[in-house]
Number of protein chains: 2
Amino acid sequence: MGISKTEIFTDQQNEISLFAKVFGHPARVAILQHLFKIDACICGDLVAEIGLSQPTISQHLKELKHLGLIKGSVEGTRVCYCIDAKNWSKMKLIILEFLNQDISIKEECC
Amino acid sequence: MGISKTEIFTDQQNEISLFAKVFGHPARVAILQHLFKIDACICGDLVAEIGLSQPTISQHLKELKHLGLIKGSVEGTRVCYCIDAKNWSKMKLIILEFLNQDISIKEECC
DNA sequence: TTATTTCATTGCAATATTACGATGAATCTA
DNA sequence: TAGATTCATCGTAATATTGCAATGAAATAA
C-alpha cells in the first residue's frame, strides 16, 4: 500500500532503513559529498553545483537536516549548511554494524 | 515527478544510492539479517519469520537478488536463498568509502 | 520605504514503492 | 494421474517520493 509496516520490525531495523533511505537518492549523496569536499560551510550554491531546482535542493536538505546529518545556520539572507560530525559518526556506527555482519560468516552455502 | 534525474549524477553517486535504497526498507534489512544469522540457506520460512505475506517477501527478495546481494537456488518445490558473499564485499567497499568521507575533515566549521 | 536576494513552503503532476489477493508454474507425493 | 506444496508473477489499491513553478518570509541594500 505504499506504506511500510514499521511496527513489525525492531527499532534497530527501522533505524538502519531510515538512514539508508536518505542515502537512497543520488542528489542527497551528491550534497553530502560536496559538503565534505569543501570542508567548510557552504551557503546555498548547492543549487548551482547540482543540477536541480532550488525548491528541490531545499527539500533534500530538509530531509538530511531532519535526520541530523547536516546543520544549517542562518547568515543574513543566506543559510550555511555543513555536516554534523557527531551525528555522522553515530550513523556510521549503526550502518557499519549492519554492513559488517558478514565477518562472522564461515562459508558459502549455495 | 517521482523520477530521479540519475543522468545528472556520477555513476558512483548513482551506485551508492542504489545500494542504499535497497537497505531503505526494514523488511529487506530483516531478511538480510536473518540470512546472516542462520548462516545457511533458508527456504521460504522468511515469510514466517518476518510478518509479511508471501508475495511481499518474494518481491523484496527479488530486489535483493537483482542487486546481487543474495542468491537463490531451486531445491524441489523450494528455493534456497543465501548471501552472495563476494557481492556483499564489493558493496561494502563502495558504501564504506562513502561513509568514511569524514576522516579527512579537520574541524567543525559551524 | 522599496527593491533585491536568498531560501523555505505550498500545491500539484508524474512516477515509484509497498502490500496483498488471485493466479500460475514447477515439483513432489500418494 | 491427481492433489498438495512452494514460490513467482500479475493486477490493483493505497501511499510515498521526486521535481518544479509559484509564492511567501526574512534579511539586506538602495
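Quick note on labels: first sequence line is chain A, next is B, and so on, each numbered from 1.
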How long is the line joining [atom1] of [X] and [atom2] of [N], in whole Å?
| X | N | atom1 | atom2 | value |
| --- | --- | --- | --- | --- |
| B:Glu75 | D:dA8 | CD | C1' | 17 Å |
| B:Ile57 | C:dC20 | CD1 | P | 9 Å |
| A:Asn14 | C:dT18 | CG | P | 13 Å |
| A:Lys62 | D:dT17 | NZ | P | 12 Å |
| B:Ile70 | D:dC7 | CD1 | C1' | 13 Å |
| A:Glu49 | C:dT6 | CD | C1' | 18 Å |
| A:Arg78 | C:dT4 | CZ | C1' | 13 Å |
| A:Gln54 | D:dG24 | CD | P | 15 Å |

Among [options], which nucleotide has an atom closest to any side-chain atom of [X]?
| X | options | value |
| --- | --- | --- |
| A:Thr56 | C:dC7, D:dC7, D:dC20 | D:dC20 |
| B:Glu63 | D:dT9, C:dT6, C:dT18 | C:dT18 |
| A:Tyr81 | D:dA8, C:dA8, C:dT18 | C:dA8 |
| B:Pro55 | C:dC7, C:dA16, C:dG21 | C:dG21 |
| B:Gln59 | C:dC20, C:dT9, D:dT9 | C:dC20 |

Can you tell me if the side-chain N/O atoms of [X] get under 4.0 Å from OP1 or OP2 in [N]?
| X | N | result |
| --- | --- | --- |
| A:His60 | D:dG19 | yes |
| B:Thr77 | C:dA26 | no |
| B:Ser53 | C:dC20 | yes |
| B:Arg28 | C:dT18 | yes |
| B:Lys5 | D:dC20 | yes |
| B:Lys21 | C:dT17 | yes |

Non-hydrogen side-chain atoms of [X] and [Y] separated by less than 4.5 Å:
| X | Y | answer |
| --- | --- | --- |
| B:Leu32 | B:Ile70 | yes |
| A:Tyr81 | A:Leu64 | no |
| A:Phe98 | A:Phe19 | no |
| A:Asn100 | B:Lys92 | yes |
| A:Met91 | B:Leu99 | yes |

Nearest atoms (heavy-atom pairs only) where A:Ser89 meets B:Asp102
OG-OD2, 4.2 Å
Categorize A:Leu52 for me: base, sugar-phosphate, or nothing, with a 4.0 angstrom heavy-atom threshold over every strand shown.
sugar-phosphate
Need one value for A:Lys65: base, sugar-phosphate or nothing, where a base atom within 4.0 Å counts as base even if backbone is also close, heavy atoms only.
nothing
Mapping A:Leu61 and A:Thr6 to their closest nucleotides on DNA chain C, which lands nearer the 5' end?
A:Leu61
